[in-house]
2 protein chains.
Amino acid sequence: MELVTTRADSLFNDLRQRIVEGQIPMATKLSEPELAAHYEVSRSTLRDALSRLEGIGLLERKANVGYRVISLSTAQLLEIFQVREALEGMACRLAASNMTPDEIQRLRQLLQIHQSNSLLQQGEAYMQQEGDLDFHYQIVLGSHNQQLIRMLTEELYYLVRMYRYQFGMASPRAKRAFSEHQHIIDAIADGDGELAEILMRRHIAASRKNVEQRIAVNATTQEQA
Amino acid sequence: MELVTTRADSLFNDLRQRIVEGQIPMATKLSEPELAAHYEVSRSTLRDALSRLEGIGLLERKANVGYRVISLSTAQLLEIFQVREALEGMACRLAASNMTPDEIQRLRQLLQIHQSNSLLQQGEAYMQQEGDLDFHYQIVLGSHNQQLIRMLTEELYYLVRMYRYQFGMASPRAKRAFSEHQHIIDAIADGDGELAEILMRRHIAASRKNVEQRIAVNATTQEQA
DNA sequence: AGCCATTATTTTGTCGACAATTTTAATATT
DNA sequence: AATATTAAAATTGTCGACAAAATAATGGCT
């Protein structure tokens with residue numbers, strides 16, 4: 001993607017990964033002197049990286065207090081699903097108009113790979129999750145809408161991955177998801193943007209409801225404990 | 001909104017306004033030494049502000065080269081309309097479920113003020129434009145979805161305002177827009193999220209088509225010149 | 001003259017230090 | 001013992017300076 005050149009760049013990438021993967025837990029207050037010492041860079045360089053992490057929504061900043069890793073509640077996870085439903089629905093509609101035959105071809109291949117992979121390594125829910133995001137990623141790119149692409153791939157998807165890593169919501173809907181993906185591709189290939197959007201919105205809404213249910217169950221069992 | 005405290009904060013706010021209003025033209029390369037001297041701050045403070053401006057999408061940065069004001073083409077303006085259609089459509093749907101009676105009341109008052117204002121100062125297209133954005137702004141807040149609110153009010157709306165200032169696309173649809181706004185409020189008040197979303201999407205799509213047409217006309221007249 | 005290589009100059013990236021603010025600790029008071 | 005006040009420590013905000021990189025200028029060559 002973007003070539004890493006400066007110290008701040010690689011720091012940005014490294015911290016981003018550590019935050020997404022939860023090695024730096026949510027809501028952690030970041031100490032600039034401590035982090036700078038750990039990475040053996042000056043505070044200027046560190047702060048450059050930190051402000052960029054704030055820009056993509058992974059950090060919050062309070063004047064005269066400092067940076068803190070965001071802390072996502074389950075309520076906010078559901079909010080993210082609603083945003084995704086809107087944005088990816090539109091992306092799908094646009095993809096039906098704008099994807100090249102070549103892009104559609106590659107999308108089909110991607111789905112086949114995921115399918116065969118999931119048959120082999122059943123239970124590897126993690127792989128399925130990343131694959132799922134790949135699929136969505138390709139459609140978003142296929143929208144050819146730079147604003148849309150930026151919002152999703154450079155901001156929202158980091159939050160999504162952060163959730164998946166830290167809450168480990170492995171979907172039990174894998175099989176159904178594949179079938180839904182298939183139908184979405186077909187609609188895109190037909191150039192039927194309206195249908196493609198509807199199918200994508202349903203697909204994401206179904207995931208949201210699934211998570212919603214799981215949260216409700218969790219809350220219940222925790223009450224009993 | 002957020003209280004200004006640090007030098008970098010006020011710099012951020014001032015530069016943001018100057019960029020949005022076009023006092024610093026699109027695509028301008030920013031010289032850090034020059035800007036720092038002009039504002040009488042150190043480069044550290046300036047860079048803090050600049051990186052935040054990058055975060056909200058008003059500046060672009062290239063490693064070892066520096067910051068540059070973004071440059072929006074008319075094609076990208078249309079892209080923004082598509083994103084708004086998706087996001088504000090969803091915001092409207094959510095607003096129908098989540099707005100309090102108080103918020104709906106204030107929204108109605110807002111529309112009345114705009115209507116009487118526009119009757120008095122006809123031709124003041126600029127006022128209408130800002131009023132229009134206010135209306136949309138209130139609905140977005142009414143969604144009570146923090147992610148959605150952030151994306152629109154802290155990022156996309158700056159681009160929208162930047163366009164309006166610099167391209168001065170005064171809408172000739174003012175009268176129709178008022179009527180559309182009225183219907184949207186009614187749907188929200190009825191708690192009919194599905195209808196509210198459809199109406200908002202049509203409303204924004206109509207604006208987009210309007211701009212699209214104008215661009216086509218402009219292109220034609222320029223060919224003739 | 002036009003183009004390429006080399007040198008100067010400017011600009012960005014990075015560093016360490018001090019000032020202003022916040023947070024923590026200690027002390028006094030009820 | 002708990003709270004309020006004050007003092008100490010640590011943290012963030014800001015500054016100026018140097019190093020590395022990119023841009024501009026100079027000079028040599030065909």
Side-chain angles (χ1 to χ4, degrees), chain A residues 1-19 23-71 150 154, chain B residues 1-19 23-71 150 154:
Chain A
M1 201 71 57
E2 73 238 357
L3 202 54
V4 175
T5 52
T6 70
R7 263 170 252 256
D9 269 330
S10 46
L11 237 181
F12 170 69
N13 287 325
D14 192 62
L15 284 171
R16 186 182 61 196
Q17 182 174 357
R18 286 182 62 194
I19 291 169
Q23 291 169 29
I24 304 176
M26 296 199 303
T28 303
K29 168 71 168 57
L30 300 182
S31 160
E32 293 181 11
E34 190 182 320
L35 266 181
H38 179 272
Y39 280 102
E40 295 180 332
V41 295
S42 71
R43 274 181 59 223
S44 309
T45 303
L46 173 69
R47 281 162 69 90
D48 190 337
L50 293 183
S51 74
R52 275 192 263 173
L53 289 167
E54 185 194 8
I56 64 171
L58 291 181
L59 297 183
E60 288 173 339
R61 184 186 187 183
K62 219 168 125 185
N64 292 313
V65 173
Y67 292 95
R68 177 181 296 280
V69 178
I70 56 156
S71 155
R150 189 175 111 96
E154 290 177 26
Chain B
M1 198 67 63
E2 73 239 355
L3 202 54
V4 175
T5 53
T6 70
R7 264 170 252 257
D9 269 329
S10 44
L11 237 181
F12 170 70
N13 287 324
D14 193 62
L15 284 171
R16 186 181 60 197
Q17 183 175 357
R18 286 182 63 193
I19 292 169
Q23 291 170 28
I24 303 176
M26 296 197 306
T28 304
K29 168 71 166 56
L30 300 182
S31 160
E32 293 182 11
E34 190 182 320
L35 267 181
H38 178 273
Y39 280 102
E40 295 180 331
V41 296
S42 71
R43 274 181 58 223
S44 310
T45 303
L46 174 70
R47 280 164 69 92
D48 189 337
L50 294 182
S51 75
R52 275 191 263 172
L53 289 167
E54 185 194 9
I56 64 171
L58 291 182
L59 296 182
E60 288 172 339
R61 185 186 187 182
K62 219 169 124 185
N64 292 314
V65 174
Y67 292 95
R68 177 180 298 279
V69 178
I70 56 156
S71 153
R150 188 176 111 95
E154 291 177 26

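A note on names: the letters A, B, ... follow the listed sequences, proteins ahead of strands, and every chain is numbered from 1. Computed from heavy atoms alone, side chains included, the values below leave out hydrogens, waters and symmetry copies.
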May I have the distance from [X] (atom [atom1]) to [N] (atom [atom2]), rounded to whole angstrom?
X: B:Asn64; N: D:dT23; atom1: CG; atom2: C1'; answer: 12 Å
X: B:Lys29; N: C:dT10; atom1: NZ; atom2: P; answer: 14 Å
X: B:Tyr39; N: D:dG13; atom1: OH; atom2: P; answer: 20 Å
X: A:Leu50; N: D:dT11; atom1: CG; atom2: P; answer: 15 Å
X: A:Asp9; N: D:dA21; atom1: CG; atom2: C1'; answer: 14 Å
X: B:Tyr67; N: C:dG13; atom1: OH; atom2: P; answer: 7 Å
X: B:Glu32; N: D:dA21; atom1: CD; atom2: C1'; answer: 13 Å
X: B:Glu54; N: C:dG13; atom1: CD; atom2: P; answer: 10 Å

Heavy atoms only, 4.0 Å cut-off, all strands: where does A:Leu35 land among base, sugar-phosphate and nothing?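 If one applies the 4.0 Å heavy-atom cut-off, A:Leu35 turns out to touch nothing in the nucleic acid.
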Just checking B:Thr45: base, sugar-phosphate only, or nothing, at a heavy-atom cut-off of under 4.0 Å? sugar-phosphate
With respect to the side chain of [X], which nucleotide from [options] is positioned closest?
X: A:Ser42; options: C:dC15, D:dT14, C:dG13; value: C:dC15
X: A:Arg61; options: C:dT14, D:dG13, C:dT11; value: D:dG13
X: A:Thr6; options: C:dT12, D:dG13, C:dT14; value: C:dT14
X: B:Val65; options: D:dT12, D:dA22, D:dC15; value: D:dA22
X: A:Arg7; options: D:dG13, C:dC15, C:dT12; value: C:dC15

Indicate whether OP1 or OP2 belonging to C:dT14 is found under 4.0 Å from a side-chain N or O atom of A:Arg43. no
From A:Ile70 CD1 over to A:Leu59 CG, what is the distance, rounded to the nearest 0.5 angstrom? 8.0 Å
Would you compute the distance between atom NZ of A:Lys62 and atom CD of A:Glu60 and round it to the nearest 0.5 angstrom?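 Output value for this atom pair is 10.0 Å.
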Could you verify whether a donor N or O on one side chain and an acceptor N or O on the other, from A:Asn13 and A:Ser10, lie under 3.5 Å apart?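 Their side chains do not contain a donor-acceptor pair, so the 3.5 Å distance test is not met.
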Judged by each residue's nearest nucleotide on DNA chain C, which is more toward the 5′ side, A:Leu46 or B:Pro33?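 Nearer the 5' end of the strand: B:Pro33.
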In terms of the nearest nucleotide of DNA chain C, which residue is placed more toward the 5' end: B:Gly66 or A:Ser44? B:Gly66
Between A:Arg43 and A:Glu32, does any side-chain N to carboxylate O distance fall below 4.0 Å?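 The answer is yes: the pair qualifies as a salt bridge.
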With nearest nucleotide decided by heavy atoms, which residue, B:Glu40 or B:Lys62, maps closer to the 5′ end of DNA chain D? B:Glu40
Test salt bridge (charged side-chain N to carboxylate O under 4.0 Å, His left out) on B:Arg7 and B:Asp48; report intermediate values, then the result. CA-CA 10 Å; B:Arg7 264 170 252 257; B:Asp48 189 337; over 6 Å; no
